[in-house]
Amino acid sequence: MIFKNLSVYRVPATVDAVALEAHLDKRPFKACPPGQEATTGFARIFGTKSRVFSSSGLYLICLKSEERKVPPAVVKTKLKKVIEAEEITLGRRVNRDERRELDAQVRADLLRSAEDFIQGHDTWAYLDTQAHLLVVNTTSAKTASHVVEMVKGGISDQLLYPLKPSRDVSGQMTSWLKDKRTPEPFWVGVKCDLTDDTGTLKYNKLNLDDPRLINYLAEGMRVTCLAMAMGDRSTFTLAEDFTIKSVVLSDTVLTDLDHGSGEPLEELAGDLVLMGAEVRELLKELISALGGESQETEDSVKWLN
């Protein structure tokens with residue numbers, strides 16, 4: 001399992017595996033019961049009875065959710081039939097308040113019987129006790145912050161905050177394209193997004209010598225998303241909020257992958273250790289290229305606590 005997306009948080013505390021597991025055990029995942037719209041909790045790692053999979057100081061966890069989502073068209077069709085039946089019974093048109101009550105009733109009835117409309121989603125994350133990081137496999141700020149809220153009570157020091165560089169990411173990416181130069185060991189890929197007050201332009205075949213690109217940058221458009229590579233180790237896309245998506249490890253890296261005997265849990269351990277090392281190195285190099293880690297964490301901490 002190699003994460004494709006990275007939302008990264010700083011964990012100032014030493015993480016205790018026993019305390020973490022005890023915390024997650026108090027928040028177990030349970031299937032969404034009839035009549036309930038959503039449920040969320042920590043799942044057991046496949047093949048084990050534990051909600052924490054540990055290897056080489058890395059703790060892998062999974063926040064699982066289920067949500068009943070009845071399609072609007074289904075609600076509309078059912079509501080229309082119920083209203084027609086009610087108007088026949090009453091001998092008149094239903095008023096606004098009655099329609100609202102029928103709508104709520106229809107939705108509740110559909111939710112109770114909506115087994116076919118249940119959608120499940122797993123959000124994986126891991127704690128790196130060596131680098132003091134929490135890495136979540138998502139670029140959604142809402143999803144990542146939900147994982148943080150759910151897990152932070154299992155860490156002795158609950159102050160978790162987003163890992164951020166000291167320099168403005170968008171400004172730095174814009175400078176890289178203007179100067180046609182990136183710091184070692186990075187180089188620019190073939191995609192980027194440019195934004196200004198009038199809208200967004202997407203380049204899928206980026207050419208740094210393109211006169212139009214040069215003109216857009218000169219006119220003040222800024223880079224909000226940039227495909228990059230770190231040497232021959234990985235490719236990824238960096239966003240202006242310092243989330244990272246579309247992570248792909250190179251064949252050079254994957255040749256170092258140790259799956260042991262090939263048993264599922266040994267494969268999982270191999271993936272986790274390799275991923276942890278590569279992400280650790282990627283973040284170290286990115287933070288360095290962006291002026292070091294920001295120390296302005298107070299505002300971030302406030303909204304998480």
Under-4.0 Å salt bridge between E66 and K30: no
Ignoring hydrogens and geometry, is there a side-chain-to-backbone donor-acceptor pair from S250 to R233 under 3.5 Å? yes
How about L194 and L213: do any of their side-chain heavy atoms sit closer than 4.5 Å? yes
Given side chains that start at C-beta, do those of L283 and V8 come closer than 4.5 Å, heavy atoms only? yes
Hydrophobic cluster membership, with links at side-chain heavy-atom distances under 4.5 Å among I/L/V/M/F/W/Y: are I2 and L6 in one? yes
Rounded to the nearest 0.5 Å, the CZ atom of R10 sits from the OH atom of Y161 at a distance of 6.0 Å
So does L58 get a backbone contact from the side chain of S55, meaning a donor-acceptor N/O pair under 3.5 Å? no
Could you measure the distance from the SG atom of C192 to the OH atom of Y203? Nearest 0.5 Å is fine. 7.0 Å
Ring-face cation contact, F29 with K64, 6.0 Å cut, 45° max: yes
Do F3 and Y126 have ring centroids that are under 6.0 Å from one another? yes
Counting C-beta onward and ignoring hydrogens, is there a side-chain heavy-atom pair between V169 and D241 closer than 4.5 Å? no
Closer than 3.5 angstrom, by distance alone: can the side chain of T174 be matched with the main-chain N or O of V223 as a donor-acceptor pair? yes
Is any side-chain heavy atom of L208 closer than 4.5 Å to one of L177? yes
Would you check if the side chain of T243 reaches a backbone N or O of A239 as a donor-acceptor pair within less than 3.5 Å? no
Donor-acceptor pair, distance only, cut-off 3.5 Å: does the side chain of T77 make one with the backbone of V74? no
Parallel, tilted or perpendicular, as decided by the 30° and 60° cut-offs, for the rings of F46 and W124: tilted
Is L254 reachable from M230 through a run of hydrophobic residues whose side-chain heavy atoms are each under 4.5 Å from the next? yes
Taking 4.0 angstrom as the limit, do D103 and R99 come out as a salt bridge? no
Do T129 side-chain atoms and G57 backbone N/O form a donor-acceptor pair below 3.5 Å? yes
Please assess D25 against R51 for the test side-chain contact (heavy atoms from CB on, under 4.5 Å), listing each intermediate value before the final yes or no. CA-CA 7 Å; D25 282 342; R51 291 182 172 83; 2.8 Å; yes
We want to know whether R222 and S170 form a side-chain donor-acceptor pair, criterion being a heavy-atom distance below 3.5 angstrom. yes
Nearest heavy-atom pair of L290 and P165: which atoms, and what distance? CB-CB, 3.4 Å
Determine whether a donor-acceptor pair (N or O, by modelled atom type, separation under 3.5 Å) exists between the side chain of H23 and the backbone of M150. yes
Using a strict threshold of under 4.0 Å (side-chain N to carboxylate O), is an ion pair present between R280 and D128? yes
Mind checking whether F186 and L282 have side chains closer than 4.5 Å, heavy atoms only? yes
Say whether S234 and E278, considering side chains only, have a donor N or O and an acceptor N or O under 3.5 Å apart. no
Would a distance-only check, ignoring hydrogens and angles, find a side-chain to backbone donor-acceptor pair under 3.5 Å from S7 to T138? yes
Near R27 CZ, under 6.0 Å, is it more than 12 heavy atoms from other residues, nucleotides or ligands? yes
Please determine if R92 and E98 form a salt bridge, counting it only when a charged side-chain N lies under 4.0 Å from a carboxylate O. yes
If you measure from the Lys or Arg side-chain nitrogens to the Asp or Glu carboxylate oxygens, is any gap between E281 and K284 under 4.0 Å? yes
Is the backbone of S166 close enough, under 3.5 Å, to the side chain of E293 for a donor and an acceptor to pair up by distance? no
Do F53 and I61 come close enough that some side-chain heavy atom pair is under 4.5 Å? no
Gap separating the CE atom of M173 from the OG1 atom of T182, nearest 0.5 angstrom: 12.5 Å
Let me confirm one number: the CG-CD1 distance from L90 to I83, rounded to the nearest 0.5 Å. 11.5 Å
Check for a donor-acceptor pair, side chain of S145 on one end and backbone N or O of K142 on the other, with a separation under 3.5 Å. yes
With side chains defined as the heavy atoms from C-beta onward, is the minimum distance between D210 and R212 less than 4.5 Å? yes
Contact check, side chains of I45 and S50, non-hydrogen atoms, under 4.5 Å: no
Exceeds 12 heavy-atom contacts within 6.0 angstrom, atom CG of N95: yes
Would you compute the distance between atom CG of D122 and atom OG of S65 and round it to the nearest 0.5 angstrom? 7.5 Å
Find the distance between OG (S246) and CG (N5) and round it off to the nearest 0.5 Å. 6.5 Å
May I ask you to check whether N215 and E219 show a side-chain donor-acceptor distance below 3.5 Å? yes
